[in-house]
Amino acid sequence: MTSPTSARRTRSRSRILAVDVARGASALPLTLLLWACTGCSGGPVAAGSYSDVAVLFDAAALSPVAQALQRSLQVDAATSLQPEPLFRVDPLPLGQLGRASLYKNVVVLGLVDGTDAGSRELRRWTAGRRLPSLANGRLQRAVREDVYARNQHVVFLVGTDATAMAQAVERAAPALRDDLERSSRARIRVRLLSAGHRASVEARMERQGGFQLGVPAAYRPTRSTLGPQEGGVEIAAVDPTRTVAVFYTAAPDPAVLQDRDALLALRRRLGAALLQERLQEAGGLTWARADFRGDSTLTLAGFWESEGGEGGGPFRTFFVYDAQRRRLYAINALVFCPGMDKHPWMREAIAVAESFRTLP
């Protein structure tokens, strides 16, 4: 999102990128949120948003658990200057299973020895499986894909006592949010790449850049400088704009991953050189370890602004070291979508970024 001082600016990064990438673009903007599988067989397709979660339960005693889960998952995403929900959660009675089949994510609540329909449903799908524990054993979780609909992630959450479950949900919420995020990104990536990918662009990155990155058909290369010691490439989709950029530089010592000043300097320098942007450092930059490709990865988060001041928005940068080539990589996800929730589009950009691989 642009800074308050940029609110009156009318030119946008999306317009700039549209000059390079809009020709021939065929993907409609709603395909991220409303998608139907046209070549698949079997039951319905979950056609809603990856931000939507249906919480199904039958026993009245589990209503407080559903409400606690709703509060815990609907936290504000740190992707905007304005609060926005990470997930939109709808508690639903189990009798509305047909409605829940449209949700990309479903959580089913039940009790180990419960006689209600929800508990029976849980036992039906988890029988014979060892369930990992959450919140010091007060909750157990099982995960299944495509139970009620295709392209759907289903979490079965079980406990021995409804009151204890409601109290444990807040503690378990970070693990549940991570689970939903990882699954959503994986399904988004599969959907985007299965709709087509730009093999010639991917081959050039491997040949000239020495790394792999999946380039969905909806994304086009916009900037590229692939040298033997240092370089970068950006791919972008528009309406709204979301981009993935990979920077790299020679780094003989893997200890560079511990030097945040060096990492920030790389992000500033190559971001300005390749993307013609600067970091909005007055608004604050955040370092954290975040899940990236299944690994805990040092990550920089904040807001960028174009050099010309036409637009800006949130970014995430993931730092990866390649010991084989002695290179430091910065894999970046950026979005520009004024007036819209940022997190769904950032989720997509990160999903594409997670196709990054170093070559053996």
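When a residue number appears, it is its place in the shown sequence, counting from 1. Owing to the predicted nature of the structure, the values given are computational and were not obtained by experimental measurement.
- Screening residues 261-298 for ring pair (Phe, Tyr, Trp, His ring centres under 6.0 Å) gives Trp287-Phe319, Phe292-Phe318 as the qualifying pairs, with residues at least two apart or on separate chains.
- With Asn332 contributing its side chain and Val244 its backbone, the two residues share no donor-acceptor pair below 3.5 Å.
- Sorted by first then second residue, the ring pair (Phe, Tyr, Trp, His ring centres under 6.0 Å) pairs that include residues 181-208, not counting sequence neighbours, number zero.
- When atom types are taken as modelled, the side chain of Gln212 and the backbone of Phe356 share no donor-acceptor pair closer than 3.5 angstrom.
- Checked by atom type, the side-chain pair Asn151/Tyr50 shows a donor-acceptor distance below 3.5 Å.
- With sequence neighbours left out, the side-chain hydrogen bond (donor to acceptor under 3.5 Å, both in side chains) criterion links Ser72 to no other residue.
- Thr126 meets the side-chain hydrogen bond (donor to acceptor under 3.5 Å, both in side chains) test with no other residue; sequence neighbours excluded.
- Through side-chain heavy atoms spaced under 4.5 Å, either directly or across other Ile, Leu, Val, Met, Phe, Trp or Tyr residues, Val154 is tied to Leu56, Leu92, Leu94, Leu97, Tyr103, Val106, Val108, Val112, Leu122, Trp125, Leu131, Val147, Tyr148, Phe156, Val158.
- Grouped by direct or indirect side-chain proximity (heavy atoms under 4.5 Å, Ile/Leu/Val/Met/Phe/Trp/Tyr only), Leu359 sits alone.
- Among pairs with a residue in residues 284-303, those fulfilling salt bridge (Lys or Arg N to Asp or Glu O under 4.0 Å) read Arg185-Asp291, at least two apart in sequence or across chains.
- Each of Arg267, Arg223, Arg268, Arg269 was scored for a salt bridge (Lys or Arg N to Asp or Glu O under 4.0 Å) with Glu277, with one residue passing: Arg267.
- For Arg347, the salt bridge (charged side-chain N to carboxylate O under 4.0 Å, His left out) partners at least two apart in sequence or on another chain are Glu181.
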- [ ] Dump the intermediate steps for side chain to side chain donor-acceptor pair (under 3.5 Å) on Thr358 and Arg327, then the final yes or no.
- [x] CA-CA 10 Å; Thr358 58; Arg327 272 186 184 174; over 6 Å; no

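- With Asp76 contributing its side chain and Pro85 its backbone, the two residues share no donor-acceptor pair below 3.5 Å.
- Within the structure, the salt bridge (Lys or Arg N to Asp or Glu O under 4.0 Å) test picks out no pair touching residues 153-178 (sequence neighbours left out).
- Residues meeting the salt bridge (charged side-chain N to carboxylate O under 4.0 Å, His left out) test with Arg182, sequence neighbours left out: none.
- Sorted by first and then second residue, the ring pair (Phe, Tyr, Trp, His ring centres under 6.0 Å) pairs with a member in residues 224-279 read Tyr248-Tyr329; sequence neighbours excluded.
- The list of salt bridge (Lys or Arg N to Asp or Glu O under 4.0 Å) pairs with a residue in residues 87-98, not counting sequence neighbours, reads Arg88-Asp341.
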